[in-house]
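Within every chain, numbering begins at 1; the chains are lettered A, B, ... in the order of the sequence lines, protein sequences first and strands thereafter. Remember, it's a predicted structure, so these values are computed and weren't measured experimentally.
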2 protein chains.
Amino acid sequence: MRHDGHVTGGYLKGRIRREDIITTAVAVYAEAGYHGSSLREIARRVGITHAGLLYYFPTKESLLAAVLERRDAQDTERERLAVPPGREALAHLVALAEYNVRHPGIVDVYARLAAEAVAADHPAHDYFERHYRMARDYAVASLRVLAERQELRPGVDPELAGLNLVALMDGLQVQWLSNGGAVDLVGALRFYLRDLLTVPLD
Amino acid sequence: MRHDGHVTGGYLKGRIRREDIITTAVAVYAEAGYHGSSLREIARRVGITHAGLLYYFPTKESLLAAVLERRDAQDTERERLAVPPGREALAHLVALAEYNVRHPGIVDVYARLAAEAVAADHPAHDYFERHYRMARDYAVASLRVLAERQELRPGVDPELAGLNLVALMDGLQVQWLSNGGAVDLVGALRFYLRDLLTVPLD
DNA sequence: CCTACCGATCGGTAGG
DNA sequence: CCTACCGATCGGTAGG
C-alpha cells in the first residue's frame, strides 16, 4: 500500500504496460510496416520515452516477436483452431475472414509484415514460413476429409486447392486493403468454396 | 570526339546511366522494399555518390516512379497486352507466371511494393490501385468471353472468378517467395484455370 | 521508468 | 557528376 492509498499489485502494472505497448505497436506496424516504425513513435503514443520502452522490450526485434506471439494466441483462442480439419474448419475460415473485414487494422499489419518477411533475413521470416505451412496443411487436410466423403467436386485436387485457398485469402486481403474495402472479400471466398464443394457450407 | 578518341554520344551516356540506376533500384527494392532502400546504397552499386544519383532523379520518389513506369512498359511489350480479352489472354497470364518463376527478383520487388503501397499515403499507392483494377477488369472480361461461348463451367461467376484469379496469382507469389520456391506456383495456377474451363487452355 | 548521450544513417542542398 | 554539408531520425546504452 502506497501513501496515496493505491495498490500497485506487484507486477500487474508492468504486465498491463507491456500489453499496452504491444497493442500500440500493432497499430503503428499497420501504418508503417515493421522497418518503417520507430520505437520513439510507439513510445510516444504509449506516453513514455523510447528508452522507457526499451526497459520492457530490450530490442526492436523483441517487440515484434511479442506482437506475433500475441496474434497467434488470439487466433487460437478466437477460432479455436483445435477444431479438427474438415467441413467445420472451412466454415471457421469464412468466419475468420468476416471478422477480419470488420477489423481492417489487423489485416493491415499482417499483410504488410508478410510481404516484408519475404526477405530471408527479416526477423519475422521464419514465423511466416511456419504460419503459411501450417495454414496450407490445415486447408489440405480439410479438403481431403471432404474428398473422402464425396463432398468435393470431381477433379478437384485437395493439395492444389488447399494451396490455392490460402493464397486466395492472402491475395484478396491485399486487394481489399488497396482499394479501401470496395472488393467483396467474403463474397469471393464463399464463391470459391461453394464452387469447390458438392454440399454447400451453410 | 574527345582527346581519348571516345565519342560520348551526346545524351546517350546519360540515358544509359539512367537505365543503369533504375535496374539497380529494382534489385535493391527487392531486397529491402522501397522505404528500406537508401539512395546511397543504390548509388554505391552503380558506382556514383548519392548526390550524383540525385542529379538524374531529383528525389527518392521520382526514382520509384521511373521503376514503375519501366515495369509497365516491359510488361506491355513482353506480353503484348494489346491481345484482346479472351482465351488467349488467359494463356498469356500463365506464360507471365512462368516467366516470373524464372525471374524471382521481379516478383520480389512487386510483392514488396504492393504490400507497402497498401498505405494510402505511399507514393506507389495510386499506381497499384490502378494496376489491380486493370488486372481485374482484364480477367473478368476474358472470362465473360469464355462464358458466352459456353467454355466456362456452369455456375462460375465471371466477376468473382476474375477477382479470385488476380488475388490467387498475388497470393501464390508471396507463398512462393516465402518458402524459397518450393510451392508449385505455375501448377497451382494451371489447376485453377483448368478447373474453371470446360475446354482446356492448351 | 527518465535524461542525456552515442555513432550511424537518412534525403536533400549548395556550389562547383 | 563530386565534395561537403545540413537537420532529422534511428536503435541502443549509461547511469541513475
Distance-only side-chain donor-acceptor flag, B:Thr49 / B:Arg40, under 3.5 Å: no

Audit row: A:His131, A:Tyr110, side chain to side chain donor-acceptor pair (under 3.5 Å) steps and yes/no: CA-CA 11 Å; A:His131 179 267; A:Tyr110 224 47; 3.0 Å; yes

Nucleotide of C:dC2, D:dT3, D:dG11 approaching A:His50 most closely (side-chain heavy atoms): D:dG11

B:Val107 and B:Leu177, any side-chain heavy atoms less than 4.5 Å apart: yes

Nearest-Å distance for atom pair CD1/P, residues A:Ile48 and C:dT3: 12 Å

Student check: side-chain heavy atoms of B:Arg44 and B:His50 closer than 4.5 Å: no

Nucleic acid contacts - residues 36-43 of chain A versus DNA chain D, non-hydrogen atoms under 4.0 Å: A:Ser37, A:Ser38, A:Leu39, A:Arg40

Atom pair distance, as rounded to whole Å: OH in B:Tyr55 and C1' in C:dA14: 16 Å

Quiz item: cation-pi between B:Arg112 and B:Tyr34, 6.0 Å / 45°: no

Of the listed nucleotides D:dC2, D:dG12, C:dA4, the one nearest the side chain of A:Thr59: D:dG12

Ranges pairing with ranges for DNA chain D, where each run has three or more Watson-Crick or G-U pairs under 3.5 Å: C:1-16 with D:1-16

Length of the NE2-P vector between B:His35 and D:dC10, whole Å: 13 Å

Heavy-atom check, side chain of A:Tyr192 versus side chain of B:Leu160, under 4.5 Å: no

Between D:dT3 (P) and B:Leu53 (CG): distance, integer Å: 15 Å

Electrostatic pair A:Arg45:A:Glu41 at N-O distance under 4.0 angstrom: yes

Between C1' of D:dG12 and CD of A:Glu61, the distance in whole Å: 13 Å

B:Tyr132 and B:Phe128 aromatic ring geometry - parallel, tilted or perpendicular at 30°/60° bounds: tilted

Validation row: A:Leu189, A:Leu165 side chains within 4.5 angstrom (heavy atoms): yes

A:Lys60 side-chain proximity, nearest of D:dC2, D:dG12, C:dT3: D:dG12

Spacing between A:Leu54 atom CG and D:dG11 atom P, to the nearest angstrom: 9 Å

